[in-house]
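Notes for the one structure printed next.
For the single chain, residues carry numbers from 1 onward in sequence order. Quantities reported herein were computed from a predicted structural model and do not represent experimental measurements.
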Amino acid sequence: MRRTCLSVALAAGILLGATAPVFASLAPNVVRPDDRRLAYEGHWSRSAGAAVTVNSGSRLRFRFTGGSVHALFDIASITVPAQIYVSVDGGPKQLRAVDQSDVEITADGRGVHIVEISVKDVFSRVNRWTPPLETGVALTGLGLERGGHLLPQLRAPKSTVAFYGDSITQGVMALCEVDTSDCADGTVAYPTLVADALHASLTQVGFGRQGVLQTGNGGVPAAGDAYGWNYAGSPADPDRNADVIVVNQGTNDTAFGADAFRPAYRAYLEQLRAAAPHARVLALRPFNGAHADDIAAVVGELAGTDTGIEFVDTTDWLSAADGDFNGTVHPSAQGHRKVADRLIALLAKEQH
């Protein structure tokens with residue numbers, strides 16, 4: 001039934017009314033988005049018609065031969081285009097808005113090239129949960145020039161880290177103090193920094209305003225109801241192979257007392273553990289201290305039978321006086337760097 005819902009969502013929501021990209025009408029050499037040679041990281045729905053993500057920090061890598069490649073997108077229902085970075089052969093990241101159906105990516109020379117597309121921001125304040133989506137990235141294929149080829153990936157990362165949280169995990173206001181896509185950047189947020197330092201595959205899921213009780217912006221449910229889904233009707237890849245899961249929830253649950261928060265937070269951690277039985281689960285104290293005692297107490301209860309769940313006390317990790325925040329809640333890029341360094345040190349210490 002769930003898979004049927006996904007097919008209906010793609011056909012009736014995401015793809016409805018899409019016009020064929022210019023490149024697709026000119027050349028037959030188009031790679032489908034579910035091709036196994038495409039390496040996706042994060043939460044993406046994948047079918048022959050489209051690969052869709054609504055999460056900042058999601059990534060796609062591929063190798064090709066030729067001088068250029070066309071990334072093809074469905075933008076039919078989009079009202080606020082997502083922002084992406086495109087990097088070729090490890091070069092500078094080029095900022096693009098996904099506001100057209102055909103984005104050409106050029107390379108230097110016609111040899112073998114590596115492209116990384118990383119999602120800078122998917123705006124949280126319009127519908128990104130129930131198709132037809134008003135924002136998000138919907139890749140419908142790659143158009144290769146005549147004689148060009150898509151190549152297999154060289155190797156896959158050995159470990160996987162997953163991050164679940166709210167707008168902080170998403171990277172909202174990381175660049176400046178306005179809640180816009182221009183000021184947001186999931187690629188400078190601590191999940192991406194930690195995964196890159198560990199050479200790990202990344203799952204980065206952050207939804208603005210969301211908590212374990214509080215629903216998120218853009219029609220997103222509370223954390224427990226959103227877990228396991230890319231968006232409504234689209235089951236996410238399971239976390240059963242995750243090595244580490246980092247949880248940063250509670251910041252947006254300040255309207256709820258301990259009696260309501262504690263059982264909801266415990267149920268969420270138990271949900272994560274059931275999905276990822278071998279993962280190390282780090283429950284962060286929210287950087288503003290919200291529900292810190294409640295989170296520590298819940299983790300303490302669970303740790304009696306599950307030593308893989310840990311409370312991470314983030315007290316004094318960040319300082320407003322030192323410029324670690326944009327606004328009162330959201331870390332700046334500098335703040336995210338500090339958080340990442342702490343987590344990298346914590347994880348590296350345990351690995352040796």
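Judged purely by atom type and a 3.5 angstrom limit, Asp89 uses its side chain to pair as donor or acceptor with the backbone of Ile114. For Gln271 (side chain) and Gly224 (main-chain N/O), a donor-acceptor pair under 3.5 Å exists by modelled atom type. Checking side-chain atoms of Glu145 against main-chain N and O of Gly67 turns up a donor-acceptor pair under 3.5 Å. Judged by distance alone, the side chain of Asn252 and the main-chain N or O of Gln210 form a donor-acceptor pair under 3.5 Å. A donor-acceptor pair is defined here as one N or O able to donate and one able to accept, closer than 3.5 Å; such a pair exists between the side chain of Asp253 and the backbone of Leu213. Distance alone, capped at 3.5 Å, places no donor-acceptor pair between the Arg337 side chain and the Ala340 backbone. No side-chain donor-acceptor contact under 3.5 Å links Thr65 to the backbone of Gly148. Side-chain atoms of Asn127 come within 3.5 Å of backbone N or O of Pro132 as a donor-acceptor pair. Not a single donor-acceptor pair under 3.5 Å links the side chain of Ser234 to the backbone N or O of Tyr231. Side chain of Ser58 to main chain of Val119: no donor-acceptor pair is present (N/O by atom type, distance under 3.5 Å, no hydrogens or angles).
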Residues Glu134, Arg128; criterion salt bridge (Lys or Arg N to Asp or Glu O under 4.0 Å); working and verdict:
CA-CA 6 Å; Glu134 293 182 287; Arg128 60 167 168 166; over 6 Å; no

For Tyr265 and Asp294, what are the C-alpha separation, side-chain angles and deciding distance, and is it a side-chain contact (heavy atoms from CB on, under 4.5 Å)?
CA-CA 9 Å; Tyr265 193 86; Asp294 297 326; over 6 Å; no

Candidate pair Arg209 and Ser124, rule side chain to side chain donor-acceptor pair (under 3.5 Å), full reasoning:
CA-CA 9 Å; Arg209 200 187 68 171; Ser124 68; over 6 Å; no

Could you go through the side chain to side chain donor-acceptor pair (under 3.5 Å) check for Arg59 and Ser118 one step at a time?
CA-CA 4 Å; Arg59 300 195 280 208; Ser118 50; over 6 Å; no

Applying side-chain contact (heavy atoms from CB on, under 4.5 Å) to Gln204 and Tyr164, what does each step give before you reach the verdict?
CA-CA 6 Å; Gln204 181 172 342; Tyr164 291 95; over 6 Å; no

Test Phe163 against Val205 for side-chain contact (heavy atoms from CB on, under 4.5 Å), laying out the working first.
CA-CA 6 Å; Phe163 296 80; Val205 178; over 6 Å; no

For a side chain to side chain donor-acceptor pair (under 3.5 Å) check, start with the C-alpha distance between Asp182 and Gln83, then their side-chain angles and the critical distance, and finish with the verdict.
CA-CA 8 Å; Asp182 289 341; Gln83 294 184 358; 2.8 Å; yes

Between Val54 and Phe207, is a side-chain contact (heavy atoms from CB on, under 4.5 Å) present by the stated rule, with each step listed?
CA-CA 9 Å; Val54 298; Phe207 291 113; 4.1 Å; yes

Would you sort out whether Lys158 and Asp243 count as a salt bridge (Lys or Arg N to Asp or Glu O under 4.0 Å), showing the intermediate values?
CA-CA 10 Å; Lys158 294 182 179 179; Asp243 296 284; over 6 Å; no

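Taken from OG in Ser181 to NZ in Lys120, the straight-line distance is 6.5 Å, to the nearest 0.5 Å. Atom OH of residue Tyr40 and atom CG of residue Leu139 lie 5.0 Å apart, to the nearest 0.5 angstrom. Rounding to the nearest 0.5 Å places NZ of Lys93 at 13.5 Å from CD1 of Ile117. With rounding to the nearest 0.5 Å, the separation of OG in Ser68 from CD1 in Ile105 is 9.5 Å. Distance check: Thr251 OG1 to His330 NE2 gives 8.5 Å after rounding to the nearest 0.5 Å. Rounded to the nearest 0.5 angstrom, Leu198 CG and Thr160 OG1 are separated by 11.0 Å.
Side-chain contact check for Thr169 versus Pro191: some heavy-atom pair is nearer than 4.5 Å. Side-chain atoms of Ile309 and Leu269, non-hydrogen and from C-beta on, do get closer than 4.5 Å to each other. Taking 4.5 Å as the limit, every side-chain heavy atom of Met173 sits out of range of all side-chain heavy atoms of Thr180. The shortest side-chain heavy-atom distance between Glu104 and Thr106 falls under the 4.5 Å cut-off. The closest side-chain heavy-atom distance from Val299 to Leu302 is not below 4.5 Å. Between Val52 and Val137 the shortest side-chain heavy-atom distance does not fall below 4.5 Å. Counting only heavy atoms from C-beta outward, the side chains of Ile84 and Phe73 approach each other to under 4.5 Å. Counting only heavy atoms from C-beta outward, the side chains of Arg63 and Val112 approach each other to under 4.5 Å.
The nearest pair of heavy atoms linking Ile295 to Pro286 is CD1-CD, 3.4 Å. Closest heavy-atom contact between Pro331 and Phe287: CG-CD1, 4.2 Å. The two atoms that bring Thr192 and Gly57 nearest to each other are OG1-CA, 4.5 Å, heavy atoms only. When all heavy atoms are compared, the tightest approach of Ala279 to Ala242 is CB-O, 3.3 Å. Smallest separation of non-hydrogen atoms from Leu318 and Gly335: CD2-O, 3.3 Å. The two residues Leu282 and Leu347 have their closest heavy-atom pair at CD1-CD2, 4.0 Å.
Other residues, nucleotides and ligands contribute over 12 non-hydrogen atoms within 6.0 Å of the CG atom of Asp313. Arg37 CZ: more than 12 foreign heavy atoms inside a 6.0 Å radius.
Under 3.5 Å, the side chains of Asp185 and Tyr85 contain a donor-acceptor pair of N or O atoms. Judged by distance alone, the side chains of Tyr190 and Asp341 never bring a donor and an acceptor atom under 3.5 Å apart. Using modelled atom types, one finds a donor on one side chain and an acceptor on the other under 3.5 Å when comparing Asp121 with Gln170. Judged by distance alone, the side chains of Ser319 and Lys338 never bring a donor and an acceptor atom under 3.5 Å apart. Side-chain contact check for His43 and Thr53: no donor-acceptor pair (N or O, by modelled atom type) lies under 3.5 Å.
The only member of Asn230, Asp237, Leu38 that meets side chain to side chain contact (heavy atoms under 4.5 Å, CB included) when paired with Arg46 is Asp237.
Note: the hydrophobic cluster containing Val339 does not contain Leu175 (ILVMFWY, side chain heavy atoms under 4.5 Å, direct or indirect links). No continuous path of ILVMFWY side-chain contacts below 4.5 Å connects Leu202 to Val172, so the two sit in separate hydrophobic clusters. Connection of Val220 to Phe123 is not established within any shared hydrophobic cluster, with ILVMFWY side chains joined at heavy-atom distances below 4.5 Å, either directly or through further cluster members. Placement of Val86 and Leu142 within a single hydrophobic cluster is found when ILVMFWY residues are connected by side-chain heavy-atom separations under 4.5 Å, directly or transitively. Residues Leu60 and Ile75 share a hydrophobic cluster, clusters being chains of Ile/Leu/Val/Met/Phe/Trp/Tyr side chains in contact below 4.5 Å.
Classification of the Phe64-His113 ring pair by plane angle, with boundaries at 30° and 60°, yields tilted.
Ion pairing between Arg262 and Asp293 fails under the 4.0 Å rule for side-chain N and carboxylate O.
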